[in-house]
Participant: 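Mind looking over this structure? Questions follow.
The figures that follow rest on heavy atoms only: side chains count, while hydrogens, waters and symmetry mates do not. All ligand and atom numbering here is 1-based and tracks the order in the structure.
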Amino acid sequence: MRTQVAIIGAGPAGMLLSEMLARAGIDSVVIERQSRDYVLGRIRAGVLEQTTVEVLRALGLAGRLDFEGHVHDGMKIVWSGRSSFFIDCATHVGKRFTAYGQTRIQEDLFAAADRRGARVVFNAEDVTLSGLDSSMPSIRFRVGGEARELRCNFIAGCDGFHGVSRQSVPAGAIREYEKIYPFGWLGVLAPTPPLDEIVYANHPRGFALASMRNPQLARFYIQVPLTDSVDDWPDERFWPELIARFPPGMAAGIRPAPPVEKSIAPLRSFVAEPMQVGKLFLAGDAAHIVPPTGAKGLNLAVSDVTYLARAFTEFYRAGNRAQLDGYSATALRRVWHSVRTSWYLTNLLHRFPESTDFDQRAQEYELEFLKASASAQRALAEQYAGLPIEGGIDFLRSAA
Ligand code: RFL
Ligand code: PHB
């Protein structure tokens with residue numbers, strides 16, 4: 001098999017990149033380790049930045065999103081179980097958010113890929129990359145026990161944090177910056193009406209978050225110790241603990257229901273620099289991880305592949321390598337902005353194992369300051385809303 005761009009990973013980054021390349025007349029093949037059903041079954045992100053929605057709209061992929069997505073102006077922060085304020089991104093920076101599950105986006109992307117007859121190989125085992133510095137890199141893998149090879153001009157590593165792409169570069173070519181947090185999030189998806197807003201709660205018992213998927217489907221998270229497993233959190237323990245971390249007025253709006261999904265995710269900040277080595281370009285979680293506190297991971301995957309698609313388009317249309325050469329530097333500016341914001345919000349809202357009552361009080365008074373200061377709220381709104389895509393996204397409209 002041959003193609004222009006080999007894409008490793010059929011998550012949101014890989015499938016969106018293949019869609020953007022197809023619009024520009026650039027051929028790609030996507031190689032995915034899991035089955036299609038497995039990829040569609042993963043419950044993850046839920047909050048889209050305005051920039052992400054605009055990218056999907058420019059590609060004509062936002063029909064269902066515009067119909068089903070719940071648009072909101074910002075998020076609420078509560079603490080000490082009593083006080084609260086609203087980070088109004090719509091008022092402060094003119095940007096809004098849309099609650100729309102990552103599972104839905106993944107379905108929309110697979111449907112678009114089916115319509116254009118895209119080449120996506122699922123269940124690819126033992127994927128290996130070679131010739132990253134050569135004029136014709138190649139990917140070897142097995143499907144149903146049969147060995148295959150895909151030769152290409154470039155490789156896009158969109159295979160998530162545990163993928164093979166980043167691990168295939170020569171030692172020392174990439175520097176990694178990492179912070180592992182001493183807790184995880186227990187996430188629950190339940191068929192019950194969500195609260196009206198997305199609410200982040202700082203509480204002496206630990207952080208909690210109330211979010212939504214649709215008017216009948218709520219998404220909740222609570223901070224739990226890293227040593228806990230899902231079995232430690234039967235429903236009889238989860239619901240009272242969640243409710244205890246919200247102020248009584250809000251807690252009254254949480255109606256326990258048997259969850260359809262329950263899982264624990266560890267929290268990590270991670271950035272790989274540079275995001276490109278030879279003919280390999282990393283995008284999305286393969287290059288960086290943010291703790292979910294800022295709801296940034298999926299949004300960064302979308303901005304990375306937007307920059308990457310524009311660079312490939314420039315290269316194949318005009319033979320101009322400048323944007324490809326500058327890809328990592330451009331993408332990292334937006335990445336680090338969100339990495340820093342997510343780290344800040346994680347520190348502000350969680351109870352760390354070593355933290356004392358003093359630390360808890362200091363957090364609470366920082367929140368009091370945010371509540372009282374319009375300029376501090378504006379600064380936070382600017383960070384939470386995410387940076388614009390440098391150079392804009394008009395090229396997507398002209399390609400489509
Ligand atoms: P993905 O989604 O991990 O996809 C990578 C794909 O690569 C495949 N793969 C391989 N394929 C071939 N060969 C190999 N050797 C391979 N190894 C792996 C995998 O099977 C997979 O299909 O990465 P991508 O595309 O970069 O997308 C990133 C997002 O999934 C991620 O950043 C978000 O889910 C993060 N995130 C959130 N982001 C937001 O923007 N807003 C949110 O509200 C939000 N909430 C969350 C989140 C992530 C969470 N968890 C569970 C980590 C909430 C949670 C709880
Ligand atoms: C979600 O709805 O899954 C969600 C919302 C906000 C976050 C993280 C996850 O910060």
Side-chain angles (χ1 to χ4, degrees), residues 6-18 30-36 38-49 51-52 70 72 75 97-103 105-106 109-110 120-129 139-143 155-168 184-189 194 197-200 207 209-213 217-221 261 263-268 270 282-305 335 338 341-342 345-346 349 384 386:
I7 299 174
I8 320 286
M15 291 309 294
L16 191 58
L17 178 62
S18 110
V30 182
I31 312 275
E32 165 62 48
R33 185 173 56 178
Q34 305 286 357
S35 69
R36 181 171 169 139
Y38 182 94
V39 174
L40 284 171
R42 283 192 296 236
I43 311 281
R44 286 181 166 178
V47 180
L48 308 182
E49 291 172 5
T51 307
T52 297
H70 177 72
H72 53 263
M75 45 90 142
F97 297 90
T98 305
Y100 187 68
Q102 181 167 329
T103 329
I105 294 187
Q106 194 81 59
L109 287 167
F110 281 151
V120 184
V121 180
F122 290 99
N123 302 304
E125 295 166 53
D126 303 331
V127 176
T128 55
L129 283 54
I139 322 272
R140 291 194 180 83
F141 54 97
R142 287 186 302 113
V143 180
I155 301 174
C158 302
D159 47 352
F161 180 67
H162 298 287
V164 65
S165 301
R166 195 181 65 252
Q167 273 137 36
S168 304
W185 278 17
L186 168 68
V188 159
L189 189 67
E197 310 280 357
I198 293 181
V199 185
Y200 293 84
F207 168 81
L209 167 61
S211 184
M212 60 193 75
R213 289 294 176 273
L217 194 58
R219 181 74 166 151
F220 297 107
Y221 299 94
E261 199 256 0
S263 57
I264 294 185
L267 266 67
R268 177 195 307 269
F270 171 87
L282 301 173
D285 280 13
H288 40 74
I289 292 286
V290 285
T293 328
K296 292 285 162 231
L298 174 61
N299 295 294
L300 287 178
V302 170
S303 54
D304 285 355
V305 297
V335 165
S338 292
T341 301
S342 304
L345 285 171
T346 302
L349 296 173
Y384 188 65

Participant: Any idea which atoms of ligand 2 are less than 4.0 Å away from a heavy-atom of R219?
Facilitator: 3 (O)
Participant: Nearest protein heavy-atom contact for atom 5 (C) of ligand 2: which residue, which atom, what distance?
Facilitator: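 Ranked first by proximity to atom 5 (C) of ligand 2 is V47 CG2, 3.3 Å.
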Participant: Report yes or no: does G187 have a heavy atom closer than 4.0 Å to ligand 1?
Facilitator: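 Contact check G187 vs ligand 1: negative.
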Participant: Got H70 and M212 here, is their nearest side-chain heavy-atom distance under 4.5 Å?
Facilitator: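 Contact flag for H70/M212 side chains = yes.
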Participant: If you measure from each non-hydrogen atom of T293 to ligand 2, which part falls under 4.0 Å: side chain, backbone, both or neither?
Facilitator: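 The part of T293 near ligand 2 is the backbone, not the side chain.
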Participant: Say whether, by atom type as modelled, one donor and one acceptor occur between the side chain of S338 and the main chain of V335 under 3.5 angstrom.
Facilitator: no
Participant: Side chains of W185 and P292: does their closest heavy-atom pair fall under 4.5 Å?
Facilitator: yes
Participant: Nearest to atom 45 (N) of ligand 1, what protein heavy atom do you find, and at what distance?
Facilitator: A45 CA, 3.3 Å
Participant: Judged by atom type as modelled, is there a donor-acceptor pair below 3.5 Å linking the side chain of Y200 to the main-chain atoms of T293?
Facilitator: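 It does hold such a pair.
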Participant: I need the atoms of ligand 1 closer than 4.0 Å to a non-hydrogen atom of G163, numbered in the order shown.
Facilitator: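 Under 4.0 Å from G163, ligand 1 has these atoms: 17 (N).
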Participant: Check each heavy atom of M75 against ligand 2 and say whether those closer than 4.0 Å belong to the side chain, the backbone, both or neither.
Facilitator: neither
Participant: In the protein, which heavy atom is nearest to atom 3 (O) of ligand 2, and how far is it?
Facilitator: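 Result for atom 3 (O) of ligand 2: Y221 OH, 2.6 Å.
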Participant: Give the numbers and elements of all ligand 1 atoms closer than 4.0 Å to a heavy atom of N299.
Facilitator: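 Result: 40 (O).
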Participant: Near G297, which atoms of ligand 1 are under 4.0 Å from a heavy atom of that residue?
Facilitator: 32 (O), 35 (C), 38 (N), 39 (C), 40 (O)
Participant: Kindly identify the option in R213, K296, M212 whose heavy atom sits closest to atom 1 (C) of ligand 2.
Facilitator: R213
Participant: Would you indicate whether the side-chain heavy atoms of T128 and F141 approach each other to under 4.5 Å?
Facilitator: no
Participant: Taking 4.0 angstrom as the limit and counting only heavy atoms of G284, give me the atoms of ligand 1 inside it, by number and element.
Facilitator: 26 (O)
Participant: Tell me: protein heavy atom nearest atom 8 (C) of ligand 2, and distance?
Facilitator: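 For atom 8 (C) of ligand 2, the nearest protein heavy atom is P292 O, 3.3 Å.
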Participant: Check ligand 1 against G46 and write out every atom of the ligand that is under 4.0 Å from a heavy-atom position of the residue.
Facilitator: 42 (C), 43 (O)
Participant: Donor-acceptor check, side chain of R166 to backbone of A286, threshold 3.5 angstrom: yes or no?
Facilitator: yes
Participant: Going by heavy-atom distance to atom 5 (C) of ligand 1, choose the closest among G9, G184, C158.
Facilitator: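 Nearest option to atom 5 (C) of ligand 1, by heavy atoms: C158.
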Participant: Is the closest side-chain heavy-atom distance between I139 and I8 below 4.5 Å?
Facilitator: yes
Participant: Check whether N299 reaches the backbone of V47 with its side chain - one donor and one acceptor, N or O, closer than 3.5 Å.
Facilitator: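 Indeed, once roles are kept as given, a pair shorter than 3.5 Å links the two residues.
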Participant: Can you name the atoms of ligand 1, numbered from 1 with element, that are less than 4.0 Å from a heavy atom of V164?
Facilitator: 15 (N)
Participant: Closest non-hydrogen protein atom to atom 2 (O) of ligand 2, residue and atom name please, with distance?
Facilitator: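 Nearest protein contact, heavy atoms only, for atom 2 (O) of ligand 2 is S211 OG, 2.6 Å.
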Participant: Keeping T52 on the side-chain end and L48 on the backbone end, is there a donor-acceptor pair under 3.5 Å?
Facilitator: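 No: the side chain of T52 does not pair with the backbone of L48.
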Participant: Relative to atom 31 (C) of ligand 1, which among D285, T293, T128 owns the nearest non-hydrogen atom?
Facilitator: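 Checking each option, the heavy atom nearest atom 31 (C) of ligand 1 is found in D285.
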Participant: Would you check if V39 and Q106 make a side-chain contact, meaning some heavy-atom pair closer than 4.5 Å?
Facilitator: yes
Participant: Which atoms of ligand 1 are found less than 4.0 Å from any heavy atom of R42?
Facilitator: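 Those of ligand 1 that fall under 4.0 Å from R42 are 19 (C), 20 (O), 21 (C), 22 (O).
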Participant: Return the residue, atom name and 0.1 Å-rounded distance of the protein heavy atom closest to atom 8 (C) of ligand 1.
Facilitator: E32 OE1, 3.3 Å
Participant: When you check the side-chain N and O atoms of S165 and D159, is any donor under 3.5 Å from an acceptor?
Facilitator: yes
Participant: Which atoms from ligand 2 have a heavy atom of R44 less than 4.0 Å away?
Facilitator: 3 (O)
Participant: Check ligand 1 against V127 and write out every atom of the ligand that is under 4.0 Å from a heavy-atom position of the residue.
Facilitator: 13 (N)
Participant: Look only at interatomic distance and state if R33 has a nitrogen or oxygen under 3.5 Å from any nitrogen or oxygen of ligand 1.
Facilitator: yes
Participant: Are Y221 and F207, when compared by the centres of their aromatic rings, separated by less than 6.0 Å?
Facilitator: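 Here the rings of F207 and Y221 have centres that are no less than 6.0 Å from each other.
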Participant: For atom 6 (C) of ligand 2, what's the nearest protein heavy atom and its distance?
Facilitator: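 Ranking protein heavy atoms by distance from atom 6 (C) of ligand 2, first comes Y200 OH, 3.4 Å.
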Participant: Under 4.0 Å from a heavy atom of A295: give me the atoms of ligand 2 that qualify, with their elements.
Facilitator: 6 (C), 7 (C), 10 (O)
Participant: Determine yes or no for a side-chain-to-main-chain donor-acceptor pair under 3.5 angstrom, with K296 supplying the side chain and P291 the backbone.
Facilitator: no
Participant: Measure the distance from atom 33 (C) of ligand 1 to every protein heavy atom, then report the residue, atom name and distance (to 0.1 Å) of the closest one.
Facilitator: Q102 OE1, 3.5 Å
Participant: Quick one: do the E261 and S263 side chains pair a donor with an acceptor below 3.5 Å?
Facilitator: yes
